[in-house]
Participant: 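Following this message is one structure expressed as structure tokens.
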Amino acid sequence: MRKKIIIGNWKMHKGPHAAMQLAKSIKLKLTDIRKTEVAVCPPSISIESVRSIVKGSRIKLGAQNMYLHKFGAYTGEISGEMIKESGCDYVLIGHSERRQHFHETDVLVNHKIEFALNDGLTPVVCVGETLSEREKNETESIIENQIRHAFKNISEENAEKIVLAYEPVWAIGTGKNASVDEADAVHEFIRQTLMNLYTRSLADKILIQYGGSVKPENAHALLSSKNIDGALIGGASLEAESFASIVHIAEKLG
Ligand code: PEP
């Protein structure tokens, strides 16, 4: 059985001090978690302060982005190696906000995944369709294309380490979430695509999170779904209360 995985994406919120406060509150509320994999992704500048709080707890750390290459003349960027050294286990790759505002392509996403795996990080690879793509019935072709690119040249051994997050772009930060049936159908389609690319047993092992306006109110229905292995949470991860309550829902279902 796949474990449940809940990750908070703090986006560009919480500088080092505020991040430390939030991490403290989350840690206090999650002392009883035994099975669920939990991570938070603060802005890079706050990773160190959050690390000082979550060290020794079950709460892991992730970065929200990384660049290719280990070091070099890439002003403003950070490498996977640096992220690993700062205590992170995870890195978000291909979040729709990166694709949209920073013009990240599927090819770049694939290269970042390769670098992240080489640096010993677990890539959390985000895929999802826009509203107009959904309305044109292109959801499956868009997702399949994103998955095929993401896993290009990734060995079976490495593919197994990747976490996927299905995040319909129209549901991110909008308060609209996909219905459980809509989300589950896309998750099933993703697993089928992975099976076509690799094997059934590998597809069955990969964790696929749902993301897009997940809140305590809808988390139980989404997380109870057969093909949904967890949640990537934006807005609701900025409050200890709501983030912890989603983790507790996952823990009960896990
Ligand atoms: C996200 O940023 O990955 C996300 C899912 O945001 P929200 O939960 O706010 O929709």
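Counting starts at 1 for both ligands and their atoms, following the listed order. Not measured: the values here are computed from a predicted model.
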Participant: If hydrophobic clusters are built from ILVMFWY residues whose side chains come within less than 4.5 Å, do Val124 and Leu222 share one?
Facilitator: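 No, Val124 does not connect to Leu222 through the hydrophobic network.
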Participant: Go through it in stages, so that I can follow the logic: the residues are Asn227 and Val186, the test is side chain to side chain contact (heavy atoms under 4.5 Å, CB included), and I'd like the CA-CA distance, side-chain angles, deciding distance and then a yes or no.
Facilitator: CA-CA 9 Å; Asn227 291 293; Val186 178; over 6 Å; no
Participant: Name the residues in contact with ligand 1, where contact means a heavy atom under 4.0 Å away: which are they?
Facilitator: Asn9, Lys11, His95, Glu167, Ala171, Ile172, Gly173, Gly211, Gly212, Ser213, Leu232, Ile233, Gly234, Gly235
Participant: Name each donor-acceptor pair under 3.5 Å that joins a side chain in residues 155-167 to protein atoms two or more places apart or in another chain, with its distance.
Facilitator:
residue : atom : partner : partner atom : Å
Ser155  : OG   : Asn158  : N            : 3.1
Asn158  : OD1  : Lys161  : NZ           : 3.0
Tyr166  : OH   : Glu129  : OE1          : 2.9
Tyr166  : OH   : Glu129  : OE2          : 3.0
Tyr166  : OH   : Arg134  : NH2          : 3.4
Glu167  : OE1  : His95   : NE2          : 3.3

Participant: Applying the side-chain contact (heavy atoms from CB on, under 4.5 Å) criterion to Ile83, which one of Leu61, Asp89, Ile78, Asn65 satisfies it?
Facilitator: Ile78
Participant: Which of these passes salt bridge (charged side-chain N to carboxylate O under 4.0 Å, His left out) with Asp119: Lys70, Lys84, Lys112?
Facilitator: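 With Asp119 as partner, Lys70, Lys84, Lys112 yield a single salt bridge (charged side-chain N to carboxylate O under 4.0 Å, His left out), made by Lys70.
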Participant: Can you classify the ring geometry of Phe151 versus Tyr198 as parallel (below 30°), tilted (30 to 60°) or perpendicular (above 60°)?
Facilitator: perpendicular
